[in-house]
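For the single chain, residues carry numbers from 1 onward in sequence order. Because only heavy atoms are used, hydrogens play no part in the values below, and waters and symmetry mates are left out as well, while side chains stay in. Values in this document were obtained by computation on a predicted structure and should not be read as measured data.
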Amino acid sequence: MSTFVERVIGAARLDPAIYEEVEHDRAALWQSLGVVALYGVAAGAAELGLSFTHLVASMVAAMIGWVIWASLTYVIGTRVLPEPATRADLGQLLRTLGFAAGPGIIMLLAVMPRIRSVVFVVAQVWMIAAMVIAVRQALDYASTMRAVAVCLIGWICQLLVAMAVVAVLAPPPRSDTREAPAQERVGAGSVGVVRPSAVAPAVH
């Protein structure tokens with residue numbers, strides 16, 4: 001049985017054996033929670049600064065996102081796109097996807113402005129690769145592409161939910177016949193940022 005540190009390192013190295021071990025170790029749920037918490041702190045420090053309130057808020061958001069992401073993946077993987085050998089429960093998805101957030105801890109390095117953009121790109125690509133392996137192992141898939149499909153469908157579902165929540169909680173202002181001053185107009189080049197969950201990679 002690997003130690004916590006060995007599991008975090010192995011998960012970051014995309015070692016399928018580690019994800020398989022975590023999948024079957026029910027006691028690893030708390031370790032997975034710890035990995036998600038560390039990721040939340042790192043992401044919060046990178047995006048919001050080192051304020052204690054911001055770090056706690058980011059950590060809580062990461063935990064909520066982890067549960068939502070695992071739940072969606074469980075439903076899609078076992079009900080929509082199962083394979084004959086698929087035998088999984090929600091706990092297995094929580095444990096494996098929790099460790100898949102491990103590579104995101106490097107986002108702490110993004111507090112250094114010069115390498116911020118590079119760190120974000122590397123962290124997100126790394127986390128996507130880890131999530132695919134986590135899903136493949138937890139759902140006992142023989143096909144990596146099926147695991148990719150499950151992650152993609154889950155991401156789209158989260159995006160739709162996030163857009164619906166934003167539409168309800170922050171509806172656009174009523175249209176006004178008066179033309180807004182030039183300085184208040186939104187430029188054509190403005191880009192929105194949608195972050196479906198704190199675990200799933202952000203969408204720019």
Report task. Report the C-alpha distance between R136 and T144 in whole Å, list the side-chain angles of each, state the deciding distance to 0.1 Å, and finish with yes or no for side-chain hydrogen bond (donor to acceptor under 3.5 Å, both in side chains). Result -> CA-CA 6 Å; R136 187 187 66 188; T144 300; 3.0 Å; yes
message = The criterion is side chain to side chain donor-acceptor pair (under 3.5 Å); which residues satisfy it with T86, sequence neighbours excluded?
response =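 Expected list: none.
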Side chain to side chain donor-acceptor pair (under 3.5 Å) filter on S2, not counting sequence neighbours, yields E21
For residues [X] and [Y], report the shortest heavy-atom separation together with the two atoms involved.
| X | Y | value |
| --- | --- | --- |
| A130 | A100 | CB-O, 3.6 Å |
| P103 | A123 | O-CB, 4.4 Å |
| L29 | L94 | CD1-CB, 3.9 Å |
| A42 | G104 | CB-O, 4.1 Å |
| A110 | F120 | CB-CE1, 4.0 Å |
| A88 | A138 | CB-O, 3.4 Å |

Side-chain ([X]) to main-chain ([Y]) donor-acceptor, under 3.5 angstrom:
| X | Y | result |
| --- | --- | --- |
| E6 | T3 | yes |
| S71 | V67 | yes |
| W66 | L97 | no |
| R95 | E23 | yes |

For L38, the side-chain contact (heavy atoms from CB on, under 4.5 Å) test, sequence neighbours excluded, returns I105
Sequence neighbours excluded, the answer for side-chain contact (heavy atoms from CB on, under 4.5 Å) partners of A11 is I18, Y19, F99
Hydrophobic cluster identity match, [X] and [Y], side-chain contacts under 4.5 Å:
| X | Y | answer |
| --- | --- | --- |
| V22 | L33 | no |
| V148 | V80 | no |
| W30 | M59 | yes |
| L152 | V150 | yes |
| V125 | M131 | no |

Worksheet item: Residues in salt bridge (Lys or Arg N to Asp or Glu O under 4.0 Å) with D25, at least two apart?
Response: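 D25: salt bridge (Lys or Arg N to Asp or Glu O under 4.0 Å) contacts with R7.
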Residues that E20 engages under salt bridge (Lys or Arg N to Asp or Glu O under 4.0 Å), provided they are two or more places apart:
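Checked E20 against salt bridge (Lys or Arg N to Asp or Glu O under 4.0 Å); zero matches.
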dist C151:SG -> I156:CD1 (nearest 0.5 Å) comes out at 11.5 Å
Value for OG1 (T73) from CG (L90), rounded to nearest 0.5 Å, stands at 9.5 Å
Go through the steps for V41 and L108 under the test side chain to side chain contact (heavy atoms under 4.5 Å, CB included), then give the verdict.
CA-CA 8 Å; V41 170; L108 187 61; 5.7 Å; no
Could you check whether any side-chain heavy atom of [X] comes within less than 4.5 Å of a side-chain heavy atom of [Y], counting everything from C-beta outward?
| X | Y | result |
| --- | --- | --- |
| Q92 | D140 | no |
| L93 | L139 | yes |
| S32 | V36 | no |
| F4 | V35 | yes |

Open item on the list: Using the rule given for side chain to side chain contact (heavy atoms under 4.5 Å, CB included), can you reason through W126 versus L14, listing the C-alpha separation, both sets of side-chain angles and the distance that settles it, and then say yes or no?
Closed with: CA-CA 9 Å; W126 199 351; L14 309 181; 4.2 Å; yes
Where do T96 and V135 land on the side chain to side chain contact (heavy atoms under 4.5 Å, CB included) test, with the steps shown first? CA-CA 7 Å; T96 54; V135 168; over 6 Å; no
(message) Let's go through M107 and Y39 carefully: what are the C-alpha distance in whole Å and the side-chain angles of both, what is the deciding distance for side chain to side chain contact (heavy atoms under 4.5 Å, CB included) to 0.1 Å, and is it a yes or a no?
(response) CA-CA 8 Å; M107 289 180 67; Y39 161 70; 3.7 Å; yes
